[in-house]
Peer 1: 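Got a structure for you, written out below as structure tokens; questions coming shortly.
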Amino acid sequence: MKLYSTNHKAAEVTGKEAIFEGLPSDNGLFMPTNIPNLGKSFWDNIHELSLQEIAFEVSNAFLSDEINTTDLKAIIDRAIDFDAPLKPLEGDLYCLELFHGPSMAFKDFGARFMAGVMSHFLKKESKNVHILVATSGDTGGAVAQGFYKYPNIFVHILYPTGKVSDIQEKQLTTLGENVSALEINGTFDDCQALVKQAFLDTELRSRLNLASANSINIARLIPQAFYYAYSYAQLKQKGKPVVFSIPSGNFGNLCAAVIAYKMGMPVHQFLAATNANKVVPTYLSTGEYTAIKPSISTISNAMDVGNPSNFPRLVALFDNDIEKLRSMVKGFWYNDDQTRTAMKEVNSKYQYVVCPHTAIAYQALEDFKKDDKTDFIGVFAATAHYAKFLGDVEPTLNEKLAIPTRLSELLEKEKNALPMEVDYDSFKSYLNKQVH
């Protein structure tokens, strides 16, 4: 796999180089020079394949020249050892449940696959790598679980104080070992800016062998295409067009869905569903991209992103042509009151409980139906288990809800995080002390 920078000023790199470098030297984002099409035969027969078999075919199309078949299958078998089922609600309405992994969020797919790929490459070299991660909620927990106790890999997670749920915070602050948490007195965008500044610090980057596990890393992005292809596999024999509604913050999830589409997956429409941080819906409507600084705090906190990192990838996937993008992606956004109303509606109509992020995707699908009269199958992605957001879900539904054991046990554990101001010198000083 060869990759270029979306800023077009850095040299092309291999997959391995992109995975460990995280960001190109010109501050762009790595993108494959070619999105391979898996071919008509694959898509015609995909309903006969398991999630793991689909994951292998998708990832092998990108990595076959760098990881052999046996090793890649072993990575997938270890990383993707849980399901991504479609929950039928009514008629042609489905919820894609992406919370069956260890951290109960969709980011388990990317984090676990990336950990396996990095470990594969590191086995051949006697060096350590330091992973920097900014999180607005679920990324931190997924990366913490995905990389936990992997030799030669040290993880440093930055999260905004007071802006993640209690369970989310405990997921990333209680593991210890090779996982450290930094509680930043700012927003997610502040955390992300610190991480980006560290990657642009060439001396620091070289000294610590810095890498990223955010969705800015291509190894996090590609495996998220697995579950969209798998969803299509589960629906293919119904013979109807499919619409995917995707809760969107940093827009890695939508980019991965578009990658599956570029690989040949038939799709009628993608819906980019956001909260009040409506940067991309506004862009799709007006053609103007204006970051929201600081990002707006909402009950769908994992989507509180005012300057989505993956936006350059999204436009690159459509040849930087807004009309091509608009033809496949429709934007919707909702405030907290509308999000709560959607949560109540899903619960009352279908006796199904969703988190705020998932409710936003559901509402976008409902609103899209009003304008598009195609007889389609609607799939909205459930990016996390509702129990990770009980502080908002229970008051909204006015009922006490069950908490999965793996999450309830976390609340009893002691938080261990280093408080830090939004100050790059302090962050750099911390990192310089981490050399192993």
Side-chain angles (χ1 to χ4, degrees), residues 51-52 55 79-89 93-115 135-146 148 164-172 213 215 220 223-231 234 244-250 252-254 256-257 273 275 299-303 339 342-343 346-347 350-363 365 379-394 396-397 401-411:
L51 171 59
Q52 289 73 22
I80 316 298
D81 60 352
F82 49 92
D83 198 11
L86 284 173
K87 170 76 174 179
L89 295 184
L93 178 64
Y94 293 83
C95 180
L96 172 55
E97 293 186 344
L98 299 175
F99 49 72
H100 292 277
S103 78
M104 306 198 80
F106 76 104
K107 295 181 180 181
D108 285 322
F109 285 87
R112 289 170 66 81
F113 179 81
M114 181 181 174
T135 184
S136 56
D138 288 328
T139 293
V143 170
Q145 292 281 350
Y148 183 53
V164 301
S165 73
D166 290 345
I167 286 177
Q168 285 176 320
E169 185 175 43
K170 288 296 180 74
Q171 283 187 315
L172 57 95
S215 57
R220 266 280 312 278
Q224 291 178 238
F226 298 168
Y227 47 76
Y228 289 108
Y230 182 55
S231 295
Q234 296 174 73
F244 287 105
S245 183
I246 302 169
S248 301
N250 237 348
N253 206 358
L254 178 57
N275 56 27
I299 61 171
S300 50
N301 67 280
M303 291 153 54
T339 303
M343 292 163 65
V346 174
N347 190 40
Y350 308 113
Q351 292 74 56
Y352 188 63
V353 180
V354 296
C355 78
H357 314 76
T358 308
I360 285 174
Y362 164 80
Q363 191 59 52
L365 195 55
V379 178
F380 63 100
T383 48
H385 194 281
Y386 70 78
K388 300 181 77 171
F389 306 94
L390 284 180
D392 292 302
V393 177
E394 287 186 335
T396 297
L397 302 182
L401 298 168
I403 307 177
T405 302
R406 76 174 89 167
L407 294 183
S408 61
E409 289 176 345
L410 277 174
L411 294 173

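Bear in mind that the values here come from a model prediction, so they are computed numbers and not experimental data.
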Peer 1: Please name the pair of heavy atoms, one in L397 and one in L401, separated by the smallest distance, quoted to 0.1 Å.
Peer 2: CD1-CD1, 4.4 Å
Peer 1: Below 6.0 angstrom between ring centroids: does that apply to F109 and Y227?
Peer 2: yes
Peer 1: Could you check whether the rings of Y362 and Y350 sit parallel, tilted or perpendicular, using 30° and 60° as the cut-offs?
Peer 2: perpendicular
Peer 1: Hey, does the side chain of K388 reach the backbone of Q168 with a donor-acceptor pair shorter than 3.5 angstrom?
Peer 2: no
Peer 1: Please report the closest heavy-atom contact between P102 and R406, naming both atoms and the distance.
Peer 2: CA-NH1, 3.4 Å
Peer 1: For S245 and F380, indicate whether the former's side chain and the latter's backbone hold a donor-acceptor pair under 3.5 Å.
Peer 2: no
Peer 1: Go through the steps to decide whether V143 and M114 satisfy the test side-chain contact (heavy atoms from CB on, under 4.5 Å), and finish with yes or no.
Peer 2: CA-CA 9 Å; V143 170; M114 181 181 174; over 6 Å; no
Peer 1: Between S248 and N253, is the side-chain contact (heavy atoms from CB on, under 4.5 Å) condition met? List the steps.
Peer 2: CA-CA 7 Å; S248 301; N253 206 358; 5.9 Å; no
Peer 1: If you compare all heavy atoms of S300 against all heavy atoms of I360, which two are closest, and at what distance to 0.1 Å?
Peer 2: OG-CD1, 3.6 Å
Peer 1: Is the backbone N or O of A384 less than 3.5 Å from a side-chain atom of H357, with the two atoms forming a donor-acceptor pair by type?
Peer 2: no
Peer 1: For a quick test of reading the model, state the closest non-hydrogen atom pair linking T139 to K107 and the distance between them.
Peer 2: OG1-NZ, 2.5 Å
Peer 1: If I compare all heavy atoms of F113 with all of P223, which pair ends up nearest, and what's the gap?
Peer 2: CD2-CG, 3.6 Å
Peer 1: In chain order, what residues pass the ring-ring contact (aromatic ring centres under 6.0 Å, His included) check against F99, with sequence neighbours excluded?
Peer 2: H385
Peer 1: If we ignore hydrogens and angles and just use 3.5 Å, is the side chain of R220 paired with the main-chain N or O of G110 as donor and acceptor?
Peer 2: no
Peer 1: Show the nearest heavy-atom pair for residues V354 and M343, with the distance to one decimal.
Peer 2: O-CE, 4.0 Å
Peer 1: Drop me the distance from K87's NZ to L96's CG, to the nearest 0.5 angstrom.
Peer 2: 13.5 Å
